[in-house]
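Per chain, numbering begins at 1; letters A, B, ... match sequence-line order.
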Protein chains: 2
Amino acid sequence: MSTLPDLDSLKLLVDVGELGSLGQAAKVAGIAQPSASKRIAHLERRLGLPLLERTPRGSTLTAEGKMVAGWAAQVLAAAHELMRAAQAVRHSEAAHLRVAASMTVAEYLVPRWLGELQNREPDVQVGLDVVNSADVAARVLAEEVELGFVEGPSVPEGLASRVVGTDRLVVVVAPGHAWARRRTALMGAELAATPLVVREPGSGTRETLDVAFRSLHRASPRLELGSNSAVKGAAQAGAAPAVLSGYAVEAEVATGRLVEVPLAGINLVRSLRAVWRRGRSLAAPAATLLAIASRP
Amino acid sequence: MSTLPDLDSLKLLVDVGELGSLGQAAKVAGIAQPSASKRIAHLERRLGLPLLERTPRGSTLTAEGKMVAGWAAQVLAAAHELMRAAQAVRHSEAAHLRVAASMTVAEYLVPRWLGELQNREPDVQVGLDVVNSADVAARVLAEEVELGFVEGPSVPEGLASRVVGTDRLVVVVAPGHAWARRRTALMGAELAATPLVVREPGSGTRETLDVAFRSLHRASPRLELGSNSAVKGAAQAGAAPAVLSGYAVEAEVATGRLVEVPLAGINLVRSLRAVWRRGRSLAAPAATLLAIASRP
DNA sequence: GGTAGGTCATAGCCTTGGGCTATGAGTACG
DNA sequence: CGTACTCATAGCCCAAGGCTATGACCTACC
């Protein structure tokens with residue numbers, strides 16, 4: 001069994017690479033030098049690779065070490081995103097800047113924006129409420145949150161908005177599925193007539209799909225699942241084609257675990273908007289977050 | 001201190017979400033049910049969020065739990081990529097399929113391809129040699145490896161090749177840097193005249209840059225560093241603009257930790273090619289890997 | 001050349017986190 | 001009402017990983 005590495009050791013490795021010595025990295029990690037030495041040795045045994053060139057004047061990464069450190073940095077970045085976002089969800093009361101977002105934005109985009117906000121304004125405590133699109137608007141209007149992020153084209157009365165991106169629902173299949181080799185675009189009607197793996201009714205993704213299918217003859221779903229990862233899992237297992245937010249399957253498509261099927265004749269694009277109370281000027285942290293989110 | 005979560009617990013959470021019960025997830029993880037219970041409780045305390053809805057007929061993820069599980073899946077995917085690639089580097093002798101790649105391809109693309117290859121052909125043991133572009137060609141010609149991946153436009157005599165992607169060197173700066181707000185493209189001459197943070201001489205990235213600057217008046221580098229992450233770190237700290245492979249800064253640009261500066265009048269694009277010995281037909285695993293890498 | 005100051009590794013001790021088993025409480029169903 | 005499934009709690013126990021102390025090694029500098 002490929003047992004997973006532990007994040008502290010990966011962080012330690014990256015730090016050694018940057019600081020040039022085990023001892024200094026240990027200090028940063030708040031542990032004693034021998035502990036760091038042991039941890040790295042352990043990691044080397046686990047991976048079966050020499051990671052450090054130890055000399056009496058410090059340690060530098062070997063060629064293998066550099067690569068591992070590079071991959072480790074990616075893992076750590078994802079882990080920090082998780083912590084940051086969880087933090088924001090927890091502090092959703094008693095925060096300096098309160099934000100509401102619908103699921104897709106909250107899961108895939110907000111954590112990144114918050115990471116950058118934290119870089120620029122380390123003292124701002126952000127609170128994040130994750131609710132459906134309608135509730136986002138309500139909370140902004142009620143001034144329970146300063147800024148909201150919603151999917152969909154319509155903006156309720158009384159809200160100012162700015163488009164901060166677009167989300168495209170995509171059709172994905174397992175690499176072995178016949179559609180993975182399609183060269184011609186799939187037509188909306190054919191998609192609608194196919195039993196699909198989709199999110200449960202009530203989710204934003206499902207609603208968008210239902211609207212797009214409104215005028216088409218549609219088959220019942222093959223599976224209805226309550227989370228994006230469940231849907232992805234089913235699609236990877238080859239159950240049936242799945243329809244999901246492009247953001248949700250970005251990683252899987254990039255790594256080839258899922259294949260996107262070209263699509264035509266149906267509109268599955270929705271814009272993502274930042275919304276705030278019309279006429280109300282945004283305080284500094286909110287304005288910064290908006291600027292970050294709006295970056296092209 | 002935001003202490004990092006541990007990957008086993010994250011995996012456990014994802015499994016609970018998929019399997020619907022703590023006990024079953026525990027079984028998959030190879031631990032007893034109470035241990036799983038404790039671990040999840042620990043994770044909940046650490047994040048300060050309720051993750052599971054426990055009922056006498058199973059456990060389901062709460063709304064917060066679904067989000068955390070989504071982020072966790074990303075972290076786990078990155079971790080698996082690391083393990084997979086490390087594995088391939090270790091088995092570089094005594095493997096069924098031996099591959100050589102230059103640094104950039106090896107670090108950012110090969111792990112993904114190998115992950116997909118492993119999905120399709122679980123029994124193939126891959127060996128990966130990471131060397132410079134010239135050595136890749138040499139090893140392919142010497143039949144030490146079956147397939148190679150190189151950067152650059154020229155393909156040595158005796159090799160067949162296929163373009164599998166392009167790598168663009170990009171200019172990145174910290175979000176606070178003046179260039180981050182540039183609207184007009186940066187001209188090559190201005191870039192060359194600026195002290196930059198770059199990779200050390202001898203690296204592929206540096207060579208590409210030197211070639212592109214050949215006919216220009218160029219300033220000495222501000223810093224020369226031996227790894228992509230060191231260069232990124234210096235750029236993020238605001239030392240100076242940095243020039244790096246687009247793949248290397250993908251994540252940082254997406255999350256806003258670095259900003260890409262638009263560039264004109266200079267060609268920093270290089271194609272990435274798969275190469276193999278001309279006339280030699282590829283064995284099944286090599287052909288599969290080539291197909292995966294060639295996917296648009 | 002000797003000393004000071006830096007590196008890392010090894011040895012041995014000790015704490016604690018996380019594993020296990022056993023058990024109890026709660027719900028569903030026949 | 002027993003059976004069968006859930007999860008939580010209690011108490012025990014081991015080993016991983018922390019610490020300190022020490023030694024080997026190299027460099028720099030007096």
Exercise. Kindly determine whether E116(B) and R257(A) satisfy salt bridge (charged side-chain N to carboxylate O under 4.0 Å, His left out), including the steps that lead there.
Key: CA-CA 6 Å; E116(B) 171 58 9; R257(A) 290 193 295 276; over 6 Å; no

Practice problem: Would you check if there is a donor-acceptor pair between the side chains of Q87(B) and R90(B) at a distance under 3.5 Å? | Solution: yes

Exercise. May I have the distance from L12(A) (atom CG) to dG17(D) (atom P), rounded to whole angstrom?
Key: 13 Å

Practice problem: Return no unless some side-chain N or O of R54(A) is found under 4.0 Å from OP1 or OP2 of dA9(C). | Solution: yes

Quiz item: According to the interplanar angle, ranging from 0 to 90°, do the rings of Y108(B) and Y247(B) count as parallel (below 30°), tilted (30 to 60°) or perpendicular (above 60°)?
Solution: parallel

Quiz item: Could you state the CG-C1' distance from L61(A) to dC8(C), rounded to the nearest angstrom?
Solution: 16 Å

Quiz item: Can R54(B) and S59(B) be counted as having a side-chain donor-acceptor contact under 3.5 angstrom?
Solution: no

Practice problem: Give a yes or no on this: more than 12 heavy atoms of other residues, nucleotides or ligands lie within 6.0 Å of atom CZ of R222(A). | Solution: no

Quiz prompt | Separation of dT9(D) C1' from I40(B) CD1 (nearest whole Å) | solution = 17 Å

Quiz prompt | Between P of dC5(D) and CG of L22(B), the distance in whole Å | solution = 17 Å

Quiz item: Within less than 4.0 Å of OP1 or OP2 of dC8(C), is there a side-chain N or O belonging to S59(A)?
Solution: yes

Practice problem: In whole angstrom, give the distance that lies between atom CG of L19(B) and atom C1' of dC7(D). | Solution: 16 Å

Quiz item: Looking at E107(B) and K66(A), does any basic side-chain N land under 4.0 Å from a carboxylate oxygen?
Solution: no

Quiz item: Are S37(A) and dA9(C) close enough that a side-chain N or O sits under 4.0 Å from OP1 or OP2?
Solution: yes

Considering only nitrogen or oxygen atoms on both sides, find all protein atoms under 3.5 Å from nucleotides 16-23 of chain C and state each distance.
residue: dG19(C); atom: OP1; partner: R39(B); partner atom: NH1; Å: 2.3
residue: dG19(C); atom: O6; partner: K38(B); partner atom: NZ; Å: 3.3
residue: dC20(C); atom: OP1; partner: A32(B); partner atom: N; Å: 3.3
residue: dC20(C); atom: OP2; partner: A32(B); partner atom: N; Å: 2.7
residue: dC20(C); atom: OP2; partner: S35(B); partner atom: OG; Å: 2.6

